[in-house]
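To keep things clear, I will list the structure first and then write my remarks on it.
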Protein chains: 2
Amino acid sequence: MSVGTGGRGLDDGDQQSPRPTRRRGGRPGGGRATISRVADVAGVSRATVSRVMNGTSTVAPELVARVRAAAEALDYEPSPVARSLALGRTSTVSLIVPDLANPMFQDVLRGLSAAAGEAGHRLLVAESNENVEEESILAVEARRRSDGLVLASPRAPEAELRALSERLTPLVLLNREIPGSNVPSLSVDYAAGIREIVAHLLGYGHRHLVYLAGPDASTSNQDRVAALRAAAAADGFKLTELPCGAMFEDGHAVARAALDTGATAIVAYNDMVAFGTLSGLHELGVSVPRDISITGFDDIPFARYTTPPLTTASIPRNELGRQAWGRLWALMNGEPAGHNVRFQPRLLVRDSTGPVPEAGRQEEP
Amino acid sequence: MSVGTGGRGLDDGDQQSPRPTRRRGGRPGGGRATISRVADVAGVSRATVSRVMNGTSTVAPELVARVRAAAEALDYEPSPVARSLALGRTSTVSLIVPDLANPMFQDVLRGLSAAAGEAGHRLLVAESNENVEEESILAVEARRRSDGLVLASPRAPEAELRALSERLTPLVLLNREIPGSNVPSLSVDYAAGIREIVAHLLGYGHRHLVYLAGPDASTSNQDRVAALRAAAAADGFKLTELPCGAMFEDGHAVARAALDTGATAIVAYNDMVAFGTLSGLHELGVSVPRDISITGFDDIPFARYTTPPLTTASIPRNELGRQAWGRLWALMNGEPAGHNVRFQPRLLVRDSTGPVPEAGRQEEP
DNA sequence: GTGAAAGCGCTAACAA
DNA sequence: TTGTTAGCGCTTTCAC
């Protein structure tokens, strides 16, 4: 534990203190010069140093020069921690996501990081590992270390989320809404995306779709399922649901089963699943889209390079991150929450979908 | 700016202050109860509250109860910022990477985040956008907000890095070493990976390889190039170098050109490039590995699901992040730096490589 | 075992 | 314009 750096001068500044001043061992930030030191060296008060460092107020040119020189010489850099305490803000925002392996959140992270960075803010990230209880602890803590929070919490029960939301403002929600609250929310209209995919497939004559379901608990999967069922009921096609998952291997593992349902088109939970399935299908000697069609969701970067390129619904992942920053920034400045926005996925028709095969290809081998 | 919550009692605690105490508008962390408030409510001193909250020292059971009750009632949560200032540590570490879009760094991020999280530390991330100047500013600032820094700086000139490294300790370097310094470094032995790939290809009879080069400035590309050239010289095979890039589209764009070199095997900078090229090759009607072989690098998750599955060199990206945490933690506790480690890639032979084709397949269409 | 008080490094109101 | 001083919210000696 102990760092052992007892040194660095036992009493600098504060010469009026009655007893020798206590100095702690570990130095928080690497750089060690403090504002007092600079003030001493420059022969001015700490307030003046502060003024110079912040370019605030107007200081006599000569003093400015002296302070700058001292700061330079001492390699002084104001302590962000001390400033945070004094100012009541940290110039940091937090992002909490269930799973950093998810390309969706990776891009949100990128967008948020870039946007916040441009505004001179830092980003604290934490992964909740899909663990709801841990998540609230994490959220509260992260929030207190920062000025605002972007939270992607696909699993937390609504009541819990609602209760939490108060202590978390400024807060922006991703892919969740709290009905009746004024917590801004940015989400993807998965249902709309699914409807586009379905329409596209029906247009090709498909009448039996199999859905490779994502994680049960995730709202984004629930949205898709609901949209699919509604469409099946409304449009009168057959829908088979197959539990699957969210990753390559899940899709790969379920290829055979998907085929065996007799469906003529596969609607995968996302692109990774679709890709895994595609791979499995290849291995089974099945030709896409001649024998069966398949769609993804998300349009992650490689989706247009698969063989055949994947028909999918694109969502503006990066933009979500940037917009999240925009909302947060507004909130942090006391502006009103504004309307929630739901990004509409855009259908990208590529080559993994095609007309329904003439004869049954699966029933009689 | 102003939040407008002027309230929350103008003078709690500090009743000995001669003039009315000043209260700031913005409240830093959402939760608002302070230690003084809790102390007042519990009828004890702030010191005692502190002791109870930290489970330190031994406090009379009755007082503990009173404090806990008060804290509970007030929904009190100690301010991390204030603690950071008082303790001289932030329980946060920083990660700076050139590019968050790079799967390599995404995984490092995950590993680091997970490991740090388990140890009760938070993670600050920043992207330097390959911008060397900005990077040093960022690094210093991030470092001061945290207790240690993990830095991936593939481009910074060595001198600059060396100069910087002092103000950055505890510091762990990724894929960079500072010769003669004691800054711990974790890196991937790209050269070794390349040598394995080359040996594998030579074993199949290939005598003309084309390398799809990554970004010029990146050391990881330079390592590969150097290893390739050395091998070409030593083993007497022909090596063609083709400028390419690091992304899918780069690989895709260069497929035709790669083919035109007449090489019988393609060594791609990484998996994404290989996948892009594979896609381009498919479109050109070229069969892999019958007509030409191709290798990737990294073994990113989808590499085993491409068609055909990609022969590549796997590197422990996640482990890099975890180990980085381990090193940082050691450093933060004043332990010595230890030896640098270079992770050896492991060759994964899959189906994108095969024997050299019998006849020239490209020369006469 | 508990409280008083000094201190972490900075900012800002106020007075000079 | 500049310095003095109180304060941000917490921890930790030191004395009782």
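Throughout, protein chains are lettered first and strands after them, A, B, ... in sequence-line order, and every chain is numbered starting at 1.
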Touch check for [X], heavy atoms < 4.0 angstrom, all strands: base, sugar-phosphate only, or nothing?
| X | result |
| --- | --- |
| V49(A) | nothing |
| S50(B) | base |
| A60(A) | sugar-phosphate |

Inset, instruction - Answer yes or no: does a side-chain N or O of T48(B) lie under 4.0 Å from OP1 or OP2 of dG3(C)? - result: yes
Legend entry - R83(A) vs dG9(C): side-chain N/O to OP1/OP2 distance below 4.0 Å: no
Inset, instruction - Using the closest heavy atom to pick a nucleotide of DNA chain D for each, name whichever of T56(B) or P61(A) lands nearer the 5' end. - result: P61(A)
Inset, instruction - List in chain and number order the residues that pass salt bridge (charged side-chain N to carboxylate O under 4.0 Å, His left out) with E141(A), two or more places apart in sequence or in another chain; answer none if no residue qualifies. - result: R145(A), R122(B)
Legend entry - Which residues share a salt bridge (charged side-chain N to carboxylate O under 4.0 Å, His left out) with R68(B), sequence neighbours left out: none
Legend entry - side-chain hydrogen bond (donor to acceptor under 3.5 Å, both in side chains) involving E135(B) - partner list, sequence neighbours excluded: S128(B), S153(B)
Starting at [atom1] of [X] and ending at [atom2] of [N], how long is that distance when rounded to a whole Å?
| X | N | atom1 | atom2 | value |
| --- | --- | --- | --- | --- |
| R145(A) | dC10(D) | CZ | P | 13 Å |
| N54(A) | dA13(C) | CG | C1' | 16 Å |
| D147(B) | dC8(C) | CG | P | 18 Å |
| Y76(B) | dG9(D) | OH | P | 10 Å |
| R89(B) | dG9(D) | CZ | P | 20 Å |
| L85(B) | dG7(D) | CG | C1' | 12 Å |
| R46(A) | dG7(C) | CZ | C1' | 11 Å |
| I35(B) | dC10(D) | CD1 | C1' | 6 Å |

Legend entry - Between S84(A) and T90(A), a side-chain donor and acceptor under 3.5 Å: no
Legend entry - Q106(A): side chain to side chain contact (heavy atoms under 4.5 Å, CB included) partners, not counting sequence neighbours: P103(A), Q106(B)
Inset, instruction - Determine, for R144(B) against E77(A), whether the closest basic-nitrogen to carboxylate-oxygen distance falls under 4.0 angstrom. - result: no
Inset, instruction - Select from S45(B) and R51(A) the residue whose nearest nucleotide in DNA chain C is closer to the 5' end of that strand. - result: S45(B)
In a table with atom names and distances, give each donor-acceptor pair under 3.5 Å that connects a side chain of residues 112-121 of chain B to protein atoms at least two apart or in another chain.
{"from": "E118(B)", "atom 1": "OE1", "to": "R322(B)", "atom 2": "NH2", "distance (Å)": "2.9"}
{"from": "E118(B)", "atom 1": "OE2", "to": "R322(B)", "atom 2": "NH2", "distance (Å)": "3.0"}

Inset, instruction - Have a look at the helix from dG1(C)-dC16(D) to dA16(C)-dT1(D) and give the angle its two end axes make, five pairs each, rounded to 10 degrees. - result: 40°
Legend entry - Nucleotide nearest S79(B) when distance is taken to its side chain, options dT2(C), dC10(D), dG3(D): dC10(D)
